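For reference, the structure is listed below as structure tokens.
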Amino acid sequence: MSEIAKEENTTVEHVTQGKGTGGKSSRGHCRRFWWIYVIVVIAIAAAIVVPCVLLVAVPKMAQQKLNEAALAIDGIVITNVETNSLNMAINSTITTDGSTHATIDGFEGTMYLADTDPPLAFAKINFPETTSDALQTVNVSQEIPISDQGAFTTFNEHLMQQETVNVAVKGDTHVHVSGISRAYGVTFSKTVPLRGLNSFQGLSVANPHVSTAQVNNFNATAHIPNPSVLALDVGNVTFHTYFNESEIGTSYILNMVLRPGPNEFFIWADINQTAIINGLTKRPWCERNGTLTIQLAGRDVTNNGQPIPYFANALAAANVSVDIPIGQAIKNDLGLSLGCLD
């Protein structure tokens, strides 16, 4: 019993003695080397915080800045039009607040018609490397393969019929922030409103002339406004030509290039003369001083010797109406005055 008690007391005494000595030693150690602990704590904090900033905060900030940037399309030029491809040149500007210095890698962007649900992809275009400057000019020109004729036709239908067309551009890329070697994945996603051709509102026909021939018996000057920023090399166009809901012939425009603003084209037609005479002599059309309302709808389009279905079908999707003073043309060219016979 006494040996056991003695061992217990020794153990307790040993522990007690150890605690007292260790405490004094620790306090002295801390007083002498406190700066080492501070450095260690800072290093540990940095090891935790810096990766979090680099892996989480910076990518979020980069994506936010990209989201806040504004894309404006200043002009689009369509040339070298063929059945399965065309050349598309886009002049655009990107504006930012200029507060972040970064470079955005070039990327392949998909263009969508945003006015459909879901948005309809109709083309892909390669955007070059850009920077985060407050104003960045981005010009692109490349051949665009038309892999989906239906989608591209739908886009052109909206472009020709609507007052405004919303186009979305989306693509994945990387951003390089100044001072950081790591590249961060981001998504470029912008929707831009474009003015459409608005069903060719304002179309007019001036200086009409007629003849008694069976073909090529009508010609005039067609004034076609283009309120959009698009220049379209459409090609050689033929139109179904209607009067009073009946087809009366075919009209033609060669080398139709629609540039922004007013456009003038020589138009000629093969017209059923009997239908025109009936219109000018029967009510209610004969009461309009020789002016008849003619409807045009796309029939065929060719360019570079190839059929262009995406323009032809878009032009055929809706009729365009135009008033033509054809009674005055008959009087001037043939010396005949036609009016109501009943």
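Just so it is clear, the model here is predicted, and its values are computed rather than measured.
- If you check the side chains of S251 and T241, you find a donor sitting under 3.5 Å from an acceptor.
- Partners of Y310 under the ring pair (Phe, Tyr, Trp, His ring centres under 6.0 Å) rule, at least two apart in sequence or in another chain, are F152.
- Side-chain atoms of Q142 come within 3.5 Å of backbone atoms of N126 as a donor-acceptor pair (strictly under, hydrogens ignored).
- Heavy atoms only, all atoms of each residue included: A151 and A121 are closest at CB-O, 3.4 Å.
- At a threshold of 4.5 Å between non-hydrogen side-chain atoms, the residues T153 and P309 do not count as touching.
- In this structure the side chain of T79 reaches within 4.5 angstrom of the side chain of V77, judged on heavy atoms.
- Here the NZ atom belonging to K331 is positioned 4.5 Å from the OG atom belonging to S337, to the nearest 0.5 angstrom.
- A donor-acceptor pair is defined here as one N or O able to donate and one able to accept, closer than 3.5 Å; no such pair exists between the side chain of E143 and the backbone of M88.
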Chi angles and distances behind the side-chain contact (heavy atoms from CB on, under 4.5 Å) call for N263, M256: CA-CA 9 Å; N263 295 268; M256 185 178 187; over 6 Å; no

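- Separation of atoms OG (S246) and CG (N272) is listed at 9.5 Å; rounding is to 0.5 Å.
- Atom CD in E245 sits 10.0 Å away from atom CG in N319 (nearest 0.5 Å).
- Checked by atom type and distance alone, the side chain of N303 pairs as donor or acceptor with a backbone atom of V234 at under 3.5 Å.
- Side-chain contact check for D105 and H176: at least one donor-acceptor pair (N or O, by modelled atom type) lies under 3.5 Å.
- I125 and Y112 are not part of a single hydrophobic cluster, where members link through side-chain heavy atoms under 4.5 Å apart.
- Two residues are said to be in side-chain contact when any heavy atoms from C-beta on lie closer than 4.5 Å; N219 and F266 meet this criterion.
- The nearest pair of heavy atoms linking Q136 to D133 is OE1-OD2, 3.9 Å.
- Under a hydrophobic clustering in which Ile, Leu, Val, Met, Phe, Trp and Tyr are joined whenever their side-chain heavy atoms come within less than 4.5 Å, directly or via other members, V210 and Y242 fall into different clusters.
- Here L197 contributes atom CG and L203 contributes atom CG; the two are 11.5 Å apart, rounded to the nearest 0.5 Å.
- Surrounding CD of Q201 are more than 12 heavy atoms belonging to other residues, nucleotides or ligands, all under 6.0 Å away.
- Residues T116 and L120 share a closest heavy-atom pair of OG1-N, 3.2 Å.
- Residues satisfying the ring pair (Phe, Tyr, Trp, His ring centres under 6.0 Å) criterion with F200, sequence neighbours excluded, are absent altogether.
- Residue V192 is grouped with residue F122 when hydrophobic side chains (ILVMFWY) are merged at heavy-atom distances under 4.5 angstrom, including chains of intermediate members.
- Counted by atom type alone, K170 and S189 present zero donor-acceptor pairs between their side chains at under 3.5 Å.
- Between F188 and F107, a ring centre-to-centre spacing shorter than 6.0 Å is recorded.
- Inspection of the N217 and T212 side chains reveals no N or O donor paired with an N or O acceptor under 3.5 Å.
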Given V237 and L315, is the side-chain contact (heavy atoms from CB on, under 4.5 Å) satisfied, shown in steps? CA-CA 9 Å; V237 186; L315 287 169; 3.9 Å; yes

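- Between atom CD1 of residue I267 and atom CD1 of residue I324 there is a gap of 7.0 Å, rounded to the nearest 0.5 Å.
- Counting heavy-atom neighbours within 6.0 Å of Q306 CD, excluding the residue itself, gives a total above 12.
- No side-chain heavy atom of T164 sits less than 4.5 Å from a side-chain heavy atom of L194.
- One hydrophobic cluster, built from ILVMFWY side chains closer than 4.5 Å, holds both I308 and F265.
- The shortest distance between side-chain heavy atoms of L86 and N80 does not fall below 4.5 Å.
- Using a distance-only test at 3.5 Å, with no hydrogens or angles considered, no donor-acceptor pair links the side chain of N278 to the main chain of K282.
- Counting heavy atoms from C-beta outward, R195 and V229 have side chains that stay 4.5 Å or more apart.
- Between atom CD1 of residue I330 and atom NE2 of residue H209 there is a gap of 13.0 Å, rounded to the nearest 0.5 Å.
- At least one donor-acceptor pair closer than 3.5 Å links the side chain of N226 to the backbone N or O of R259.
- Put simply, the side chain of S199 gets close to the backbone of Q161: a donor and an acceptor are under 3.5 Å apart.
- By the criterion of side-chain heavy atoms lying less than 4.5 angstrom apart, applied directly or through intervening Ile, Leu, Val, Met, Phe, Trp or Tyr residues, W285 is grouped together with I277 in one hydrophobic cluster.
- Annotation for D333 and P208: closest pair OD2-O, 4.2 Å, computed over non-hydrogen atoms.
- Checked by atom type and distance alone, the side chain of N91 never pairs as donor or acceptor with a backbone atom of N139 at under 3.5 Å.
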Acceptor/donor pairs from residues 288-302 side chains to any protein atom, 3.5 angstrom cut, sequence neighbours excluded:
from: R288; atom 1: NH1; to: T293; atom 2: OG1; distance (Å): 2.9
from: T293; atom 1: OG1; to: D323; atom 2: OD1; distance (Å): 2.5
from: R299; atom 1: NH1; to: T250; atom 2: OG1; distance (Å): 2.9

May I have the step-by-step check of side-chain contact (heavy atoms from CB on, under 4.5 Å) for I253 and F239, ending in yes or no? CA-CA 9 Å; I253 295 178; F239 298 90; 4.0 Å; yes

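- The two residues A69 and I94 come nearest to each other via the heavy atoms CB-CG2, 4.0 Å.
- Residue E287 qualifies as enclosed at atom CD: its count of foreign heavy atoms under 6.0 Å is above 12.
- Between Y252 and N236 the shortest side-chain heavy-atom distance does not fall below 4.5 Å.
- Put simply, the side chain of V138 does not reach to within 4.5 Å of the side chain of T93, judged on heavy atoms.
- Nearest heavy-atom pair across E157 and N313 is OE2-O, 4.1 Å.
- Using modelled atom types, one finds no donor on one side chain facing an acceptor on the other under 3.5 Å when comparing H158 with D115.
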